[in-house]
Number of protein chains: 2
Amino acid sequence: MADLETFYNLCMQKGLKITPQRIEVYKTLAACSDHPSVDAIYKRVKKVLPNISFDTVNRTLNTFNDIGAAFVVGGDNVKRFDGNLEKHHHFKCVKCRNIIDFKHNEFDNVKVPEHLGQMFKVLKTTIFVEGLCRTCLEKDNKLK
Amino acid sequence: MADLETFYNLCMQKGLKITPQRIEVYKTLAACSDHPSVDAIYKRVKKVLPNISFDTVNRTLNTFNDIGAAFVVGGDNVKRFDGNLEKHHHFKCVKCRNIIDFKHNEFDNVKVPEHLGQMFKVLKTTIFVEGLCRTCLEKDNKLK
DNA sequence: AACAAAATAGTAGTAATTCCTATATAGTAA
DNA sequence: TTACTATATAGGAATTACTACTATTTTGTT
Ligand SMILES: [Mn+2]
Ligand SMILES: [Mn+2]
Ligand SMILES: [Zn+2]
Ligand SMILES: [Zn+2]
């Protein structure tokens, strides 16, 4: 995620006011390597800004998504946010539901099939890997 | 999605009872080319089994996911189910949120990076394409 | 400092999903 | 076929995630 300076500029450019709440949500998301839910970010930000409301955190994150300062990564039922703007892909553990970033240059230039390019305006192509993480694998083995 | 015979066998194998509700949910999902939500399937099944409860449809679909007779495809806020067990990939319109299947042989054999294979047990690798569908594109153009 | 537009806090409302439990049913074994 | 038991269901309550509303506050700008 870009630095605060860039964030200020992006806000100005989009006509958004720079508020302590937005700054703190931005810093919190930037500091996350996981893909936190609104609630997770709310809890973290609340330590710094005890009076912030859940709605503000939620609204702010959706605003970030709208202006391209972050994006949504689809959980099963809980929306998760991603502040990592670099090209990357996701591994998701089907058991604990954690989502982990990974980079793989080979995946960065996959070409969508011709017929798809004609039917849709393609904005983004990512690889989605599902499976079991080490922690969950070890838990499974212990049960046996 | 496989035929009813296969479904019966799968149920027996997993120790699940074959009920009219499960059969109907299975048939309904198999007949869908879209990626319906629980509610969408509930509405369709209700026409055949007017007394079925929402909970049963939901529970049944999750059971299908558990036994591998279907799988969940992550919506933003609504869980969607996929009865297409063949290897395929998804295009999602960021505006209307529709999810469309596509096949592309080139994508079927992508190898996950070495380091990922060591850290996780990889079960599935799919390509996820996001963008705008034709309908939404045309709507956008009309507004201008 | 004064102003207007935008943002926030607190709360209420809505939608999606899961839980609870009394009743009903499927599969099994007599 | 009948009786039995484990499993499944219907209906409703509860929970969870998210969004809407509005009075008040704050930001950015004169
Ligand atoms: Mn990520
Ligand atoms: Mn599909
Ligand atoms: Zn895991
Ligand atoms: Zn669309």
Side-chain angles (χ1 to χ4, degrees), chain A residues 4 7-26 28 35-67 69-81 97 99, chain B residues 4 7-26 28 35-67 69-81 97 99:
Chain A
L4 271 185
F7 175 64
Y8 290 158
N9 291 334
L10 186 61
C11 284
M12 286 214 299
Q13 186 190 315
K14 299 279 181 175
L16 297 178
K17 291 179 177 174
I18 293 163
T19 66
Q21 291 88 343
R22 280 183 178 152
I23 293 170
E24 202 53 42
V25 170
Y26 186 85
T28 302
H35 299 80
S37 63
V38 179
D39 198 56
I41 297 172
Y42 171 59
K43 288 199 176 84
R44 292 178 210 181
V45 173
K46 213 171 163 57
K47 289 176 186 167
V48 184
L49 302 173
N51 290 321
I52 198 168
S53 73
F54 178 88
D55 183 54
T56 296
V57 176
N58 183 58
R59 193 168 11 80
T60 301
L61 287 166
N62 281 110
T63 304
F64 288 176
N65 183 50
D66 292 341
I67 66 174
F71 58 91
V72 176
V73 44
D76 302 316
N77 44 5
V78 189
K79 229 179 200 174
R80 289 156 160 270
F81 287 85
R97 311 286 172 82
I99 298 169
Chain B
L4 270 186
F7 175 64
Y8 291 158
N9 291 335
L10 187 60
C11 284
M12 285 212 300
Q13 186 190 315
K14 298 280 181 174
L16 297 178
K17 291 180 176 172
I18 294 165
T19 66
Q21 291 88 342
R22 281 184 176 150
I23 293 169
E24 203 52 43
V25 170
Y26 186 86
T28 303
H35 298 81
S37 63
V38 179
D39 198 56
I41 297 172
Y42 172 59
K43 288 200 177 85
R44 292 178 210 181
V45 173
K46 214 173 162 58
K47 288 175 187 167
V48 184
L49 302 173
N51 290 321
I52 198 168
S53 72
F54 179 88
D55 184 52
T56 295
V57 176
N58 183 57
R59 191 170 11 82
T60 301
L61 287 166
N62 282 111
T63 303
F64 288 177
N65 182 51
D66 292 342
I67 65 173
F71 58 91
V72 176
V73 44
D76 302 316
N77 44 3
V78 189
K79 229 177 198 174
R80 289 154 160 273
F81 287 85
R97 310 285 172 84
I99 297 170

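Labels below follow one simple rule: chain letters A, B, ... track the order of the sequence lines, proteins then strands, and each chain is numbered from 1.
- You can see that DNA chain C meets the heavy atoms of chain B within a 4.0 Å-exclusive cut from C:dA16 to C:dG27, reading 5' to 3'.
- Side chains of A:Lys79 and A:Leu61 form no contact here, defined as non-hydrogen atoms less than 4.5 Å apart.
- Between A:Ile99 and A:His35, the shortest heavy-atom contact is O-ND1, 2.9 Å.
- Listed for the A:Arg22 side chain is no donor-acceptor partner under 3.5 Å among the backbone atoms of A:Thr60.
- Following rounding to the nearest Å, A:Phe81 (CZ) and D:dA17 (C1') show an atom-to-atom distance of 12 Å.
- A heavy-atom distance below 4.5 Å is found between the side chains of A:Val72 and A:Phe81.
- Atom CZ of A:Arg97 is surrounded by 12 or fewer heavy atoms from other residues, nucleotides or ligands within 6.0 Å.
- Taking A:Lys43 as the reference, A:Asp39 meet the side-chain contact (heavy atoms from CB on, under 4.5 Å) condition, with sequence neighbours excluded.
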What is the per-nucleotide protein-contact pattern of nucleotides 18-30 of chain D, from the 5' end, where B denotes a base atom under 4.0 Å from a protein heavy atom, S denotes such proximity for sugar-phosphate atoms only, and - denotes neither? BBBB-----BS--
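- The OG1 atom of B:Thr63 lies 6.5 Å from the CG atom of B:Leu16; values are rounded to the nearest 0.5 Å.
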Show the atom names and distances, to 0.1 Å, of all donor-acceptor pairs under 3.5 Å that link a side chain in residues 44-54 of chain A to residues at least two apart or in another chain.
from    : atom 1 : to      : atom 2 : distance (Å)
A:Arg44 : NH2    : A:Asp34 : OD2    : 3.2
A:Lys46 : NZ     : A:Tyr42 : OH     : 3.3
A:Lys46 : NZ     : A:Pro50 : O      : 2.9
A:Ser53 : OG     : A:Thr56 : N      : 3.2
A:Ser53 : OG     : A:Thr56 : OG1    : 3.0

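- Axis orientation changes by 40° from one end of the helix from C:dA1-D:dT30 to C:dA30-D:dT1 to the other, with each end axis drawn from 5 pairs and the value rounded to 10°.
- Under the 30°/60° scheme for interplanar angles, the aromatic rings of A:Phe64 and A:Phe7 are found to stand perpendicular.
- Scored by the side-chain contact (heavy atoms from CB on, under 4.5 Å) test, B:Ile18 finds B:Tyr8, B:Cys11, B:Ile23 as partners (sequence neighbours excluded).
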